[in-house]
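Heads up: the structure comes next, in structure tokens.
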There are 2 protein chains.
Amino acid sequence: MLVSNHARPTLEDVAARAGVSRATASRVLNASPRVSPEALEAVNAAVLALGYQPNRAARALVTRRTGAVAVLFSEPEPKIFDDPHFARLIRAGARALADVDVQMVLMLVHSPDDQARAHRFLAGGHVDGALMFAPHRNDELVSIVKKLPLPVVYAGKPWGSLRGMHLVDNDNEGGAVVATKHLKALGRKKIVHVSGPLDEMSAIDRLNGFKSALSLDDKGAAKLTEDGGFTREGGRKAMSVLLAKHPNLDAVFVASDLMAAGALETLHEAGKRVPQDVAVVGFDDHVAIAEHTTPPLTSVRQDSDEQVKHMVEHLMKLLRDETVKKKQQMLPTVLVRRESA
Amino acid sequence: MLVSNHARPTLEDVAARAGVSRATASRVLNASPRVSPEALEAVNAAVLALGYQPNRAARALVTRRTGAVAVLFSEPEPKIFDDPHFARLIRAGARALADVDVQMVLMLVHSPDDQARAHRFLAGGHVDGALMFAPHRNDELVSIVKKLPLPVVYAGKPWGSLRGMHLVDNDNEGGAVVATKHLKALGRKKIVHVSGPLDEMSAIDRLNGFKSALSLDDKGAAKLTEDGGFTREGGRKAMSVLLAKHPNLDAVFVASDLMAAGALETLHEAGKRVPQDVAVVGFDDHVAIAEHTTPPLTSVRQDSDEQVKHMVEHLMKLLRDETVKKKQQMLPTVLVRRESA
DNA sequence: CTCGGCGACTCAAAGGTTTTCATCGAGGAG
DNA sequence: CTCCTCGATGAAAACCTTTGAGTCGCCGAG
């Protein structure tokens, strides 16, 4: 028996060494029950001795499974990726997918070109499923992907009909209600809101929470709300607009920590003390921000790590053809009190 | 001829439709010269009509190429990933790899467990090559990967011998020299340095630039330098230490923008005006930071996008077995003047 | 007219795994 | 003792592509 000693061992080699057939060796590797204890042990020993690693391509060829999933970030404004939130999501995805031993193929989709490429790639069967981060309204990529026979789990609610879609969302509305009520409970009388861009569902949900906590109608809410675009700069500007409109405001619920950081700057410049004159609550509880503002920011925590972990678990179930009890999961949010409110 | 109308078309189908053999169709797809114009056209038409996409697994099986490369971030401190620099690198990698149509498999390596997993994965032949971001001293992963018969391109100099390694570095030392000389040219007399952690080559190179621009020996430099650990908080602290040691300092070269942001805070709190009392130069020119500090930060630009692009190009050459003229490339850095110096 | 050469093409093997189907043997029931 | 059942195993097909070896037809030279 001559074995080329430099090439990687194949299943054949393992089988030979264990004194069984390829088929049996394969069964051992795939944890099939129909295999005797002796065979199992022999094969395992051979695998170890040879340092055998299954050939992914060969396996993929026959199983029609790639062992890879795509992670898609659809975002027309590439600069948004300077947002630390993005890094956190990627990190969580990498970890969660590595834990279940599937390859993560990352795709950043900005332009129509990128969309076409993603389309080709996903349709080409190069991955078994996808995790989709596509927060914006009327995202072409969502429509494209919907038509594909590919299991997809969304982060948060994409725009449009949610029928049959699998997603894991944070309780944005609930968190916003808690945040707003907290301000009310503090005895604040004039509470305003810096919202995110209203082409994102999460921003809308947070706005809705604000409205419902204060029992406002659309018109009433519109007066008290200003769009800060989920950027720090936007938060600054929105805050000054609100200050101009409502000089007597004494509390503000800001729909993201990044914007809240901007809003705090504006408030300081306007000579308002936080929290004495104006109480501030953010959203995200992004530690790198919330703990380092002055004063430290009270914020609604949404656990992105947890969200991504759930997304991966959900997708894995879909890939195993298990029935999922709930297609759409909602993760709780909780208010973290610091000093700003 | 009955074709299951839901299954993905194979090369066989394409060949049949084009009236040629599988072999010829394959040659068309791989741009082989040995094919007649008619055949070429017929096959291309068939491909288009059928929406054919080559089966990656089958191709990988026979070519022993996966069409994927790993992107490894080795970093014992997971929190560092909140650094926007990380997001930028990932983004650049995703884009550059997508452009050459290879899959990016992202791996974040924090723990020894992760290292073992990465080792298995890379040794398992699941990728054709790797891009490695491993800035720290004595990184186990670097030693592991060195022993593998796998083409790897490093970002910056890893610790240890550089013999035979392929890498793309920024001119950290040169940039530091320019930055420091700029401060000198401004007439500053007492110039200090907030360095990065000295277990990273980039930090050392920047420190060396500072030393050489001021013709300092090790001892002299040690007095004027404080380690800020490449974090904002570290920058704050380092700055106050330096202020205490050298109350008369009138300029500081900070080895990263994030630390510079921290240093600026300290300076403001100490009542120093920037740039009148103390001139500040950062490093990275990370727009999201440098443009938003008060005052906007003068900084040394290193173009990470460019660096990653070069890394990918370099790796592609290695994969194509082309000879690379220079194994180790150095990218220029340039001083971007804003208001802080 | 024959032969050699050459370009375009086809045939078929190879690549490593999973999985169906058949086989084999042992043990239990009748 | 025979027949049946059932669990473990093996042989072989299938997955889809690339590629080296071989075929075919045509042209030009002799």
Side-chain angles (χ1 to χ4, degrees), chain A residues 3-4 6-44 46-47 50-68 101 123-126 128 319-321, chain B residues 3-4 6-44 46-47 50-68 101 123-126 128 320:
Chain A
V3 177
S4 116
H6 208 59
R8 286 179 50 202
T10 78
L11 191 54
E12 187 80 52
D13 301 333
V14 172
R17 192 172 220 273
V20 300
S21 75
R22 225 171 36 228
T24 303
S26 171
R27 281 189 262 267
V28 171
L29 288 178
N30 296 302
S32 155
R34 308 220 148 297
V35 47
S36 69
E38 309 80 86
L40 188 141
E41 178 155 2
V43 171
N44 279 335
V47 164
L50 265 41
Y52 168 76
Q53 290 240 31
N55 181 315
R56 212 156 181 142
R59 178 177 277 177
L61 185 56
V62 51
T63 59
R64 283 106 175 287
R65 280 296 178 86
T66 64
D101 215 48
H126 302 309
D128 301 332
L319 294 185
R320 284 191 303 259
D321 273 326
Chain B
V3 176
S4 117
H6 208 60
R8 285 179 50 202
T10 80
L11 190 54
E12 187 79 53
D13 300 335
V14 172
R17 193 173 221 271
V20 300
S21 76
R22 221 169 41 228
T24 302
S26 172
R27 280 188 254 275
V28 170
L29 289 179
N30 296 300
S32 156
R34 308 222 147 295
V35 47
S36 68
E38 310 78 89
L40 189 141
E41 177 153 3
V43 170
N44 279 335
V47 165
L50 265 42
Y52 169 76
Q53 290 241 29
N55 180 316
R56 212 155 182 144
R59 177 177 279 177
L61 185 57
V62 48
T63 59
R64 280 106 178 287
R65 281 295 180 83
T66 64
D101 215 47
H126 302 309
D128 300 331
R320 285 190 304 258

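Worth saying up front: this structure is predicted, and the values here are computed from it rather than measured. A note on names: the letters A, B, ... follow the listed sequences, proteins ahead of strands, and every chain is numbered from 1.
Remark: A/Tyr52, A/Pro54, A/Asn55 in residues 50-57 of chain A come within less than 4.0 Å of DNA chain C through at least one heavy atom. Heavy-atom distances under 4.0 Å link DNA chain D to B/Ala23, B/Ser26, B/Arg27, B/Asn30 of residues 23-37 of chain B, given in residue order.
Taking the 5' to 3' direction, DNA chain D first and last meets chain B under 4.0 angstrom from a heavy atom at D/dC16 to D/dG20. Taking a heavy-atom distance under 4.0 Å as the criterion, the stretch of DNA chain C touched by chain B extends 5' to 3' from C/dA8 to C/dG16.
Judged by distance alone, the side chain of A/Arg59 and the main-chain N or O of A/Pro54 form no donor-acceptor pair under 3.5 Å. For A/Arg65 (side chain) and A/Leu319 (main-chain N/O), a donor-acceptor pair under 3.5 Å exists by modelled atom type.
Listed by chain and number, the residues in a side chain to side chain donor-acceptor pair (under 3.5 Å) with B/Glu38 amount to none (sequence neighbours excluded). Taking the side-chain contact (heavy atoms from CB on, under 4.5 Å) definition, one finds that A/Ala57 meets it with A/Asn55, B/Ala60, B/Leu61, sequence neighbours left out. Listed by chain and number, the residues in a salt bridge (Lys or Arg N to Asp or Glu O under 4.0 Å) with A/Arg22 are A/Glu12 (sequence neighbours excluded). In this structure B/Thr66 satisfies the side chain to side chain donor-acceptor pair (under 3.5 Å) test together with B/Asp128, sequence neighbours excluded. Listed by chain and number, the residues in a side-chain contact (heavy atoms from CB on, under 4.5 Å) with B/Glu41 amount to none (sequence neighbours excluded).
From one end of the helix from C/dC1-D/dG30 to C/dG30-D/dC1 to the other, with five pairs defining each end axis, the axis direction shifts by 60° (rounded to 10°).
Summary of the strand contacts: B/Val20 and B/Arg64 both lie near DNA chain C, and taking for each the nucleotide with the nearest heavy atom, the more 5' one is attributed to B/Val20.
Rounded to the nearest 0.5 Å, atoms CG (B/Asp13) and CZ (B/Arg8) are 11.5 Å apart.
The minimum heavy-atom distance linking B/Pro9 with B/Leu50 is given by the pair CG-O, 3.5 Å. Minimum heavy-atom separation, A/Tyr52 to A/Thr10: CE1-C, 3.5 Å.
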Under 3.5 Å, sequence neighbours excluded: what are the donor-acceptor pairs made by side chains of residues 29-36 of chain B?
{"residue": "B/Asn30", "atom": "ND2", "partner": "B/Ser26", "partner atom": "O", "Å": "2.9"}
{"residue": "B/Asn30", "atom": "ND2", "partner": "B/Ser26", "partner atom": "OG", "Å": "3.3"}
{"residue": "B/Ser32", "atom": "OG", "partner": "B/Arg34", "partner atom": "N", "Å": "3.3"}
{"residue": "B/Ser36", "atom": "OG", "partner": "B/Ala39", "partner atom": "N", "Å": "3.3"}

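The residue B/Arg22 sits close to a base: some heavy atom pair falls under 4.0 Å.
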